[in-house]
2 protein chains.
Amino acid sequence: MTGQVRTVDGRVAGRRGQATRQKLLDCLAEMLSSSPYRDVKVIDVARKAGTSPATFYQYFPDVEGAVLEIAEEMAKEGAGLTELVSGRSWVGKAAWQTSEDLVDGFLDFWRRHDAILRVVDLGAAEGDKRFYKIRMKILNSVTNSLTDAVKELQAKGKVDKEVSAAAMAGSLVAMLASVAGHQKGFTTWGVKQAELKPNLALLVHLGITGKKPVR
Amino acid sequence: MTGQVRTVDGRVAGRRGQATRQKLLDCLAEMLSSSPYRDVKVIDVARKAGTSPATFYQYFPDVEGAVLEIAEEMAKEGAGLTELVSGRSWVGKAAWQTSEDLVDGFLDFWRRHDAILRVVDLGAAEGDKRFYKIRMKILNSVTNSLTDAVKELQAKGKVDKEVSAAAMAGSLVAMLASVAGHQKGFTTWGVKQAELKPNLALLVHLGITGKKPVR
DNA sequence: ACTTGTCCTGTCATGCCGTCAGCTTACCGA
DNA sequence: TCGGTAAGCTGACGGCATGACAGGACAAGT
């Protein structure tokens, strides 16, 4: 696929090298969960990994570069989110189930990767194409499936033609991503997870099918 | 309101002092729009403002502190977003108009303050209560109004009782905020502003009233 | 001109960044 | 077994940002 893993100065990384590289990535990921992105320093990551800053720079151009690596890894897993939508039914009771499963899967994925997703989100919002691409990779896996679903329903005459399938799918996915990113915020504000999920599912259902769900 | 503006070491800032302070804030805001948050350095802000780093530290404890100041300022303006919802009708054709206006106003506000809102969003997602509070202040102004709207419709029996008004309003507002924050992303991906807005309005309408809009 | 309080900056110690030369370690073929 | 070679790591260094302070510049009133 991408050939071998290489150091910044072009060497091919061997067993040991890949191990330390991975350890650095792991430590970086951990730091991102525990301290603000702005305060994550190379020296801290290196210390945590029991190595020196110079070693870090052997494998990554800078913190951002390493973050991209982690994000790329996560994006691979994220591509699997397609399963939540593709091949699922958007008719009758099944549609409600599909909506619920989508919301569940989405929130869960976000919770597992919240730290790195925060940074990806920021990078994308700041206009960095590399981060934007990764964000797309994850969201598109769902967005495209949803877009198809809407188009299909439109073809059957079950949804208004004037609805832009892409815009609708994109908006819904953006909503899921945003809510997922602020899950803690919602709960401290007084909205419980238990009531959040059904409402998100309701909105998804409404957006895709244009109708109230049959439960 | 908050008494006088004070320097870090407790002095009261006079006319001239407040001017440079403001200039520093303006320059910081400008920097935030043009370069990644992580790379914004005190020295650059000071240079841009035609002053020295030491001056910056007279008025702010650090970059984050100054950002909070700007955010606070913006939040005051953001409180005015309530107007987009409160006292508006959610029945018949008027409801569609209300939805459209809300979306318009929201996207516009976000576009005008996108840089600072990005940082606030990040801070909030990272769990910083100060940023979280500011984000709440802005979003709540809309969320609360929307919550009331839903509750009112529920009281009239026009919306299912099982819908959690708060969760619904919160989700919709989160969606608006997220889409607003990635407006550029949407356009480069091929979704035009022109089709994005009506679809958002449609989702808002569906979420609040539970019905398709009458246009 | 002098005083007073506000305002700004030169300077300095500290600490992180990013790079390099050079040392150690692992692998491999003879 | 023994070099030879490439991989792997680090100490050390110049450069820059940070944050604190003391002292100089400035405006306003007397």
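Computed over heavy atoms, backbone and side chain alike; hydrogens, waters and symmetry mates excluded. So that the names make sense, note that chain A is the first sequence line, chain B the second, and so on, each numbered from 1. Predicted model, so just to flag it, every value in this text is computed and none were measured.
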message: Short of 4.0 Å, heavy atom to strand atom, which residues of residues 38-57 of chain A count as contacting DNA chain D?
response: A:Thr51, A:Ser52, A:Ala54, A:Thr55

For [X] and [N], what is the distance between atoms [atom1] and [atom2] respectively, to the nearest whole Å?
X: B:Gln58; N: C:dG5; atom1: CD; atom2: P; value: 17 Å
X: A:Glu64; N: C:dG18; atom1: CD; atom2: P; value: 11 Å
X: B:Arg21; N: C:dC8; atom1: CZ; atom2: C1'; value: 16 Å

Is [Y] close to [X] at the side-chain level, that is, under 4.5 Å between some pair of heavy atoms?
X: A:Val8; Y: A:Phe56; result: no
X: A:Arg21; Y: A:Gln58; result: no
X: A:Leu32; Y: A:Arg118; result: no
X: B:Leu146; Y: B:Leu102; result: yes
X: A:Phe60; Y: A:Val42; result: no
X: A:Val163; Y: B:Leu202; result: yes

- request: State, without any angle test, whether B:Asn199 and B:Glu195 hold a side-chain donor-acceptor pair at a distance under 3.5 Å.
  value: no

- request: Starting from the C-alpha separation in whole Å, work towards a yes-or-no answer on side chain to side chain contact (heavy atoms under 4.5 Å, CB included) for B:His182 and A:Tyr132.
  value: CA-CA 10 Å; B:His182 291 281; A:Tyr132 181 66; 5.5 Å; no

Nucleotides 24-27 of chain C: which of its N/O atoms have a protein N/O under 3.5 Å away?
| from | atom 1 | to | atom 2 | distance (Å) |
| --- | --- | --- | --- | --- |
| C:dC27 | OP1 | A:Arg15 | NH2 | 3.2 |

message: What verdict does the side chain to side chain contact (heavy atoms under 4.5 Å, CB included) test give for B:Leu28 and B:Glu69, after you've listed the backbone C-alpha separation in whole Å, the side-chain angles of each residue and the deciding distance to 0.1 Å?
response: CA-CA 11 Å; B:Leu28 172 56; B:Glu69 208 70 24; over 6 Å; no

query: Which word best sums up how the rings of A:Trp110 and A:Phe106 line up, parallel for under 30°, tilted for 30 to 60°, or perpendicular for over 60°?
result: parallel

- prompt: OP1, OP2 of D:dC9 versus side-chain N and O of A:Thr20: anything below 4.0 Å?
  reply: yes

- prompt: Is there a residue in residues 23-35 of chain B whose heavy atoms reach under 4.0 Å of DNA chain C, and which residues are they?
  reply: none

